[in-house]
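What follows is a short report on a single structure.
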Protein chains: 2
Amino acid sequence: MGTTQLDSVPEPKYWHLKTVIGEALDTDFSVGEILPNERDLAARFGVARATLRQALEQLELEGRLQRRRGVGTTVAPPRVGVDVSTTRHRWPGAADDSWRPVDCGLPEVPAAVARLLDLDPAAGAPVHMVRRIRLTHGQPVAAEQLYVPASSVPALTAIDAPSGPTRARAVLRELQRLTLDGQDRAVELGSARAEDAKELDRLPGAPVLVVTTRYFSAGRTAALSLGTYRADTCRLTFGDAGDLQIAS
Amino acid sequence: MGTTQLDSVPEPKYWHLKTVIGEALDTDFSVGEILPNERDLAARFGVARATLRQALEQLELEGRLQRRRGVGTTVAPPRVGVDVSTTRHRWPGAADDSWRPVDCGLPEVPAAVARLLDLDPAAGAPVHMVRRIRLTHGQPVAAEQLYVPASSVPALTAIDAPSGPTRARAVLRELQRLTLDGQDRAVELGSARAEDAKELDRLPGAPVLVVTTRYFSAGRTAALSLGTYRADTCRLTFGDAGDLQIAS
DNA sequence: GAGTGGTCTAGACCACGGC
DNA sequence: CCGTGGTCTAGACCACTCT
């Protein structure tokens, strides 16, 4: 028989689908264009809807597609570069930095946060939590929880607004008065908590890049930031030489 | 009837499952311990296996679980911090840097790579591709493709081994002779190509953090690195954030 | 109300690892 | 060989958005 080479390791259907659809996106579709719905696509490729969805999920993970319930599946624009470099040593909230303060409160801090702030978990020292949203081209790309021990901003009076954006700005303003000795940063994959998902216009559990930043002042950790970036639409950039190239 | 509050927005089953299992991991299991198999777990929670798997997939994405076909599901150790800071301006391959050269060749470069290297796609100028694996605690955490235009390392003779680890080391050695003016870096989410997945001991399509680095010398891009890091086991650190822990 | 993607079910078979 | 996770099917219903 003239059968072709046996597939010693046959490729899964969804993997093949992903390749085929991915190539079609490059050639037959333009950014923003809407794809046929999942039932049609599945029928067209002769697979079950669940299998087709596996392929679409991967393409969405890679930022090639955007899916919205009740609307449809569209071709995603290229990911936007979001600068998260640590080379400029600045406190959060400095001289407008594309973040919009949303709220502020004095929550109980998770044990993991307390540990990173070098706080005694049992002591229950008060910690401000500033909540901010980062916008790029008018779209929300990140939600942040910034933990600031009250001891870092002692001059802050409780007389001002106890919560809300005004309070958030007050905390950030006080932070600028400290000397920033340094910062360090880590990036890892996570899934969006319900609260963050809402602000990012995603469903809970959506893949996100979690950026953890410690701000050091006077030999201690003066603030801790937990940034949640949309993994589908963002590319985090650390550019200490990004502009060398523009000359071309 | 004494029914409890209606769920105005009922929580999906898999989301609830994820929470329940996640808490169980903290209290009833220790690192490396093996969980009951998926069929048992699904029966125990009274859900279909597909629903249970959705919960496990999320926990794996968050680095809490590790699943291996033919073996089972185990509790994952905390993610390892992998330093990818750009503060030390060094070429890849300098004074051993936890990377192991694997191979080298002169492949056709993808159009996207050619563009980042400022090469004329039509010209077909030769480009070395060095392939390296990064090990941490003996485990592979990243696979890299380092593209070096032949024009960046003109002294490299073709007389040496034309491919293989020896050739890779020769290319890296030549790179050290150039002055490194700067570098920039970007991180985004991707899924593992079949080739990388194999080296990382994962299935194709596994979530990975793609780190793109440009190395500048003499006003041009002298090399381009595409690093593929296991997203389940790695936390990328910038600065001395090595001891930052997940705060989920 | 119509149409979309999101969730869920109850099965089946396959690929892989260890025994 | 058996048990594991990985793939796949053919349905069903739900939540959401737009008209």
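Only a predicted model underlies this, so the values are computations on that prediction, with no experimental measurement involved. To find a chain, count down the sequence lines: A is the first, B the second, and so on, and within it residues start at 1.
With rounding to whole Å, A/L17 atom CG is found 12 Å from D/dT7 atom C1'. In this structure, A/E11 places its CD atom 15 Å from C1' of D/dC8, rounding to the nearest Å. Atom-to-atom, CZ of A/R53 to C1' of C/dC8 comes out at 11 Å; the value is rounded to the nearest Å. At whole-Å resolution of the value, CD in B/E60 and C1' in D/dG5 are 10 Å apart.
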Pairing annotation in dot-bracket form, given for DNA chain C with Watson-Crick or G-U pairs under 3.5 Å and | for cross-strand partners: ||||||||||||||||||.
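Residues from residues 65-73 of chain A that place a heavy atom under 4.0 Å from any atom of DNA chain D, listed by number: A/R69, A/G70, A/V71.
Residues satisfying the salt bridge (Lys or Arg N to Asp or Glu O under 4.0 Å) test with B/E195, not counting sequence neighbours, are B/R131, B/R193. Every residue two or more places apart in sequence or in another chain that forms a side chain to side chain contact (heavy atoms under 4.5 Å, CB included) with B/P140 is listed here: B/I133, B/L135. Take B/Y215 and apply the ring pair (Phe, Tyr, Trp, His ring centres under 6.0 Å) test, not counting sequence neighbours, and it matches B/W91. Contacts of A/Y147 classified as ring pair (Phe, Tyr, Trp, His ring centres under 6.0 Å), with partners at least two apart in sequence or in another chain: none. Under the salt bridge (Lys or Arg N to Asp or Glu O under 4.0 Å) criterion, A/E38 pairs with A/R49, A/R53, A/R67, not counting sequence neighbours. Partners of A/R230 by salt bridge (Lys or Arg N to Asp or Glu O under 4.0 Å), not counting sequence neighbours, listed by chain and number: A/D232.
Within 4.0 Å (heavy atoms only), B/L203 reaches sugar-phosphate atoms of the nucleic acid but no base atom.
Among pairs with a residue in residues 100-116 of chain B, none fulfils salt bridge (charged side-chain N to carboxylate O under 4.0 Å, His left out), at least two apart in sequence or across chains. Annotation: side chain to side chain donor-acceptor pair (under 3.5 Å) contacts involving residues 17-26 of chain B, sequence neighbours excluded, comprise A/S191-B/K18, B/K18-B/Q58, B/K18-B/E62, B/D26-B/R64.
A donor-acceptor distance shorter than 3.5 angstrom exists from the side chain of A/R185 to the backbone of A/V84, with no hydrogens or angles considered.
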Dump every N/O contact between nucleotides 10-12 of chain C and the protein below 3.5 Å, one line per pair.
none

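Under the 4.0 Å criterion applied to side-chain N and carboxylate O atoms, B/R134 and B/E144 are not assigned as salt-bridge partners.
An OP1 or OP2 oxygen of C/dT7 is reached within less than 4.0 angstrom by no side-chain nitrogen or oxygen of B/T51. Look at A/N37 and you won't find any side-chain N or O under 4.0 angstrom from OP1 or OP2 of C/dG3. Contact check, B/Y14 against C/dC8: no side-chain N or O comes under 4.0 Å of OP1 or OP2.
Checking C/dT7, D/dG5, C/dC8 against every side-chain atom of B/E38, the shortest atom distance belongs to D/dG5.
If you find the closest nucleotide of DNA chain D to A/L52 and to B/P36, the one lying nearer the 5' end belongs to B/P36.
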Without placing hydrogens or testing angles, list every side-chain donor-acceptor pair under 3.5 Å for residues 68-77 of chain B, not counting sequence neighbours.
{"residue": "B/T74", "atom": "OG1", "partner": "B/Q66", "partner atom": "O", "Å": "3.4"}

